[in-house]
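Just follow the structure's listing: the first ligand is 1, and inside any ligand the first atom is 1. In this chain, numbering begins with 1 at the start of the sequence shown. It should be emphasised that the depicted structure is a prediction, and the values quoted were computed from it without experimental measurement.
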Amino acid sequence: MRVSKRVMGLGTESAFEVLARVGQLEKQGRNIINLSIGQPDFKTSENIVEAAVKALRDGMHGYTPAPGIKALREAVSEKYLLEHQISVDPNNVLITPGGKPVIFFVVLMFGDDDSEILYPDPGFPIYESVINCSGARAISYPLSEREGFSITADEILDRITSKTKLLILNSPHNPTGAVSSKKEIKKLIAGLINYPNIGILSDEIYSKIYFDNLTHASLIQFPEIRERTIILDGWSKSYAMTGWRLGYSIWPKTLIENATRFAINTHSCVNGFVQMAGLEALNGSQDYLKNMIVTFRKRRDVIVNGLNSIRNISCVNPKGAFYVFPNIRKTCKNSLALQDDLLNQEGIALLAGSSFGSKGEGYLRLSYANSMENIEIALERMKSYFDNLSK
Ligand code: PLP
């Protein structure tokens, strides 16, 4: 049997493959420090768990409305009013099982065979994968270390052609932790005014995870592009709820009906009790989240300093998410070889930069969603590995 061209276009997310390999090694009795997967190592806060349990006990076992339960869509809308002073119509909010389906919906909505879609390199590998599946041409724009991996407006605008249908942006950014510079965002938006038919997918899944007193500047706040911007966000990273599969998106009024059809045709609706947990996450105390971010910030400082003290490695200081993206060019080894060596020889699972696009070669991605103790051990092991490598 032969699968369709579209399915042949699908790529993968190597984090899940490395995770499987870690599982195999652990079964063999190896002690692996896992810095590969992008999920908070915190448990979901107790009040959120309780809200789900209560909903189950109360009999919330059936289908729910396809776009999401009204109370949760309203809570998302209120959050935007409170945090960004932006009025969002709850009818334009779509609740999904995680943020990922939104990428699929948006890319399929804009990606015809003769169209082009712009996405970041390095970037979340699912963008390129889904664009290839849609039949559209995947056109990457580079993010450079020199700019702290922030977007550069000209690099994006220069790649726009008459075929460009969609631009994907992501800040805070996976895999670098970069936060897009406000100056470049403004410049980009000013440039995009000349291309009113290009849709924008703003992936803001790390919107709560910022350091150094920075706060999130959602693209929803720019009226110039509001009517063609889709916001992707959710609970996975911000509320340590990766396994619950709960995300949301905000759509222009003109597209929400199409988006809802995607929901009806794929997952139908999201589990009611999970949505009740999401409601509690938004409405309940935010202290747990604040503590999580303080912990991430401390770890970021340790891991960035530690990496910069290793021979032939340098690492920029990211302002968000929970990733670092150190430069390994001076080691003269490619990133995949280092991923394998560090896993097999040193028991450290991390990801080759090349799994995030060709511009990711020369880098590694480490997720510091692991304990300080493990991070310190990993840094020691890496130090001795790279010391030996340069002997
Ligand atoms: N977007 C980015 C940039 C991500 O890193 C991830 C998850 O790693 C997602 C979207 C998907 O999030 P979710 O787990 O909610 O589907």
Fill in: Close-contact set for ligand 1 against S236 heavy atoms, below 4.0 Å
13 (P), 14 (O), 15 (O)
Worksheet item: Going by atom types alone, do D121 and Y141 pair a side-chain donor with an acceptor below 3.5 Å?
Response: no
Worksheet item: For ligand 1, which atoms, with element, lie under 4.0 Å from some heavy atom of G98?
Response: 15 (O), 16 (O)
Worksheet item: Between Y363 and E145, do the side chains contain an N or O donor and an N or O acceptor separated by less than 3.5 Å?
Response: yes
Discussion item. If we set the cut-off at 4.0 Å for heavy atoms, which region of H173 has an atom near ligand 1: side chain, backbone, both, or neither?
Written reply: neither
Worksheet item: Contact between Q39 and ligand 1, counting heavy atoms under 4.0 Å?
Response: no
Worksheet item: Under a single-linkage definition using a 4.5 Å side-chain heavy-atom cutoff for Ile, Leu, Val, Met, Phe, Trp and Tyr, are L350 and I377 assigned to the same hydrophobic cluster?
Response: yes
Discussion item. What protein heavy atom lies closest to atom 8 (O) of ligand 1? Include the residue and the distance to one decimal.
Written reply: K237 NZ, 2.7 Å
Item to complete: Give the atoms of ligand 1, by number and element, whose distance to some non-hydrogen atom of Y206 is under 4.0 Å.
Response: 3 (C), 4 (C), 5 (O), 8 (O)
Worksheet item: Any chance the rings of F149 and Y323 have centres within less than 6.0 Å?
Response: no
Worksheet item: Rounded to the nearest 0.5 Å, how far apart are CZ of R159 and CD1 of I139?
Response: 9.0 Å
Worksheet item: Considering only the protein, which heavy-atom contact is closest to atom 6 (C) of ligand 1, and what is its distance?
Response: F124 CZ, 3.4 Å
Practice prompt. Could you tell me which residues satisfy side chain to side chain contact (heavy atoms under 4.5 Å, CB included) with S268, sequence neighbours excluded, listed by chain and number?
Written response: none
Item to complete: May I ask you to list the atoms of ligand 1 that are less than 4.0 angstrom from any heavy atom of I205?
Response: 1 (N), 2 (C), 3 (C), 4 (C), 10 (C), 12 (O), 15 (O)
Practice prompt. Under 4.0 Å from a heavy atom of D203: give me the atoms of ligand 1 that qualify, with their elements.
Written response: 1 (N), 2 (C), 3 (C), 10 (C)
Worksheet entry | Contact with ligand 1 for T242, non-hydrogen, under 4.0 angstrom | no
Worksheet item: Is there any N or O on K100 that sits under 3.5 Å from an N or O of ligand 1?
Response: yes
Worksheet item: Linking I/L/V/M/F/W/Y whenever their side-chain heavy atoms sit closer than 4.5 Å, directly or via other members, would F322 and L19 fall into one cluster?
Response: no
Worksheet entry | Under 4.0 Å to a heavy atom of G99 - the qualifying atoms of ligand 1, by number | 13 (P), 15 (O), 16 (O)
Discussion item. Could you check whether any heavy atom of R245 sits closer than 4.0 Å to an atom of ligand 1, since that is the contact criterion I want to use?
Written reply: yes
Worksheet item: Would you say Y127 touches ligand 1, if touching means a heavy atom closer than 4.0 Å?
Response: yes
Worksheet item: Can you list the atoms of ligand 1 that are under 4.0 Å from a heavy atom of N170?
Response: 3 (C)
Worksheet item: Is there a heavy atom in W235 that sits closer than 4.0 Å to ligand 1?
Response: no
Worksheet item: Can the ring centres of Y127 and Y119 be said to be less than 6.0 Å apart?
Response: no
When the side chains of residues 208-215 are checked against the rest of the protein, which donor-acceptor pairs come out under 3.5 Å, sequence neighbours left out?
| residue | atom | partner | partner atom | Å |
| --- | --- | --- | --- | --- |
| K208 | NZ | E83 | OE1 | 3.4 |
| K208 | NZ | E83 | OE2 | 2.8 |
| Y210 | OH | H216 | ND1 | 2.7 |
| D212 | OD1 | R300 | NH2 | 3.0 |
| D212 | OD2 | R300 | NH1 | 2.9 |
| D212 | OD2 | K319 | NZ | 3.2 |

Discussion item. Please tell me whether Y248 and W235 form a close aromatic pair, meaning their ring centres lie under 6.0 Å apart.
Written reply: yes
